[in-house]
Amino acid sequence: MFAEKLSKLLGGMLRPKPRYITMAVSPSAEPAQALPPDTMPRHVAIIMDGNGRWATNRGLPRSAGHAAGVEALRDIIRASDDWGVQCLTIYAFSTENWARSKEEVSALMGLLLKYFASEIDELDEKHVRILILGDVDGLPEAQRDAVCRAMERTKDNTGLKLNIALNYGGRAELVRAAKALADQVKAGELEPEAIDAAALEAQLYTAGQPDVDLLIRTSGELRLSNFLPWQTAYAEMVFDRTLWPDFDRACYLKALREYASRSRRFGGVEPKKATEDEHG
């Protein structure tokens with residue numbers, strides 16, 4: 001066990017750090033224009049929307065769209081790892097999604113099992129750390145066991161942090177954090193006056209991770225849908241009309257370039273650029 005953990009740790013330390021995105025982004029695309037690492041977001045969050053419409057447009061059942069979406073997800077995770085993104089959070093299944101048809105929910109739960117069965121070896125070999133955001137206890141037993149095994153297996157990995165929002169609701173996450181703080185106060189472990197933003201952040205699923213820098217939503221919808229309300233407070237947002245199964249590295253890179261082109265002021269004012277006269 002010690003040797004295995006040591007191997008993972010050394011593998012993560014020796015993992016080459018990407019300097020620029022320079023590889024081709026799709027078989028038909030030109031090599032990507034260099035994107036300096038200091039313009040890369042540390043934390044990218046994606047609302048993977050449009051699977052159902054993608055399938056409907058092709059006369060297929062919605063489950064086929066979700067299956068195609070898994071293929072898109074696989075490449076976006078690899079791209080995030082290749083390009084040096086530190087954290088990737090994907091919205092896989094919300095607390096509201098239980099209201100969908102039994103057939104669709106069953107298909108999604110089945111895909112979840114297949115995904116971890118087929119991908120866990122590669123993710124672990126690439127030192128990806130998996131973290132589930134959401135109510136794991138509320139999942140069916142087989143899915144709960146699968147995600148718990150994946151988290152346990154990858155907990156010491158030092159590469160890309162892959163957060164999977166599963167049975168997740170943003171408001172429920174904040175209520176959960178507030179209750180945890182209330183319990184600490186009730187137990188005499190925390191003074192009410194000590195509750196601040198840092199104390200609340202420590203109770204979130206993403207504790208210890210940077211806030212979201214870039215939020216991407218596909219399919220053209222323009223809303224957050226109860227996704228990471230605290231963590232996206234100052235995120236740059238890109239709404240892409242592409243349906244998720246068609247979202248590839250070229251689309252991803254376009255969003256990253258859009259992010260890199262923006263000036264992030266966090267409520268402040270952009271510094272005034274010095275003119276030639278000011279320099280004398």
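Given the structure is predicted, the values throughout are model-derived calculations rather than measurements. The first residue of the sequence shown is numbered 1, and numbering continues consecutively from there.
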query: Counting N and O atoms only, with roles assigned by atom type, does the side chain of Arg262 sit under 3.5 Å from a partner on the main chain of Met237, one being a donor and the other an acceptor?
result: yes

message: Quick one: does any side-chain atom of Asp49 pair with a main-chain N or O of Ser219 as donor and acceptor, under 3.5 Å?
response: no

message: Is there a side-chain contact between Thr218 and Asp246 in this structure, where contact means two heavy atoms from C-beta onward sitting under 4.5 Å apart?
response: no

- prompt: Is there a donor in the side chain of Ser94 and an acceptor in the side chain of Glu96, or the other way round, less than 3.5 Å apart?
  reply: yes

field: Spatial distance of atom CG (Asp81) from atom CD (Glu122) [nearest 0.5 Å]
entry: 9.0 Å

field: Contact summary for Ala202 and Ala207, nearest pair of heavy atoms
entry: O-CB, 3.5 Å

statement: Here the gap from Asp211 atom CG to Leu228 atom CG, rounded to the nearest 0.5 Å, amounts to 10.0 Å

- prompt: Atom CG of Asn167 and atom CD1 of Ile132: how far apart are they, to the nearest 0.5 Å?
  reply: 11.0 Å

- request: Check whether any side-chain heavy atom of Leu162 lies under 4.5 Å from a side-chain heavy atom of Leu131, and answer yes or no.
  value: no

Heavy-atom check, side chain of Ile47 versus side chain of Leu215, under 4.5 Å: yes

message: Working to the nearest 0.5 angstrom, can you tell me the gap between Arg42 CZ and Cys87 SG?
response: 8.0 Å

- request: Please check if the side chain of Asp124 supplies one atom and the backbone of Asp121 the other of a donor-acceptor pair under 3.5 Å.
  value: no

field: Test: Arg217 cationic atom under 6.0 Å from Trp244 six-membered ring centre, within 45° of axis
entry: no

ring-ring contact (aromatic ring centres under 6.0 Å, His included): pairs with one or both residues in residues 191-243, sequence neighbours excluded: Tyr91-Phe227, Tyr234-Phe266

message: Check whether Glu236 reaches the backbone of Tyr259 with its side chain - one donor and one acceptor, N or O, closer than 3.5 Å.
response: no

field: Separation of Asp82 CG from Ile77 CD1 (nearest 0.5 Å)
entry: 12.0 Å

message: Tell me whether Asn157 contacts the main-chain N or O of Gly159 through its side chain, where contact means a donor paired with an acceptor under 3.5 Å.
response: no

- prompt: In terms of side-chain geometry, is the basic nitrogen of Asp240 or Lys254 positioned less than 4.0 Å from the acidic oxygen of its partner?
  reply: no

task: For residues Leu73 and Ile46, determine if any side-chain heavy atom of one lies less than 4.5 Å from a side-chain heavy atom of the other.
output: no

query: Is Ser63 close to Glu104 at the side-chain level, that is, under 4.5 Å between some pair of heavy atoms?
result: no

query: Does a side-chain heavy-atom distance below 4.5 Å link Phe116 with Leu123?
result: no

- prompt: About how many Å separate SG of Cys251 and CZ of Arg241, when rounded to the nearest 0.5 Å?
  reply: 13.0 Å

task: Check for a donor-acceptor pair, side chain of Arg144 on one end and backbone N or O of Leu139 on the other, with a separation under 3.5 Å.
output: yes

query: What are the two closest heavy atoms between Arg74 and Ser118, and how far apart are they?
result: NH2-OG, 4.2 Å

message: Enumerate the side-chain hydrogen bond (donor to acceptor under 3.5 Å, both in side chains) contacts for residues 168-186, please, sequence neighbours excluded, ordered by first and then second residue.
response: Tyr168-Glu173, Glu173-Gln231

- prompt: So do the side chains of Leu160 and Lys126 get within less than 4.5 Å of each other, counting heavy atoms only?
  reply: no

Arg62, CZ: over 12 other non-hydrogen atoms inside 6.0 angstrom: yes

- prompt: Checking His43 side chain against Pro210 main chain: does a donor-acceptor pair fall under 3.5 Å?
  reply: yes

message: With a 4.5 Å cut-off on side-chain heavy atoms, are Leu181 and Leu200 touching?
response: yes

- line: Besides Trp54, the hydrophobic cluster formed by Ile, Leu, Val, Met, Phe, Trp and Tyr side chains linked at under 4.5 Å, directly or via other members, contains Leu60, Leu243

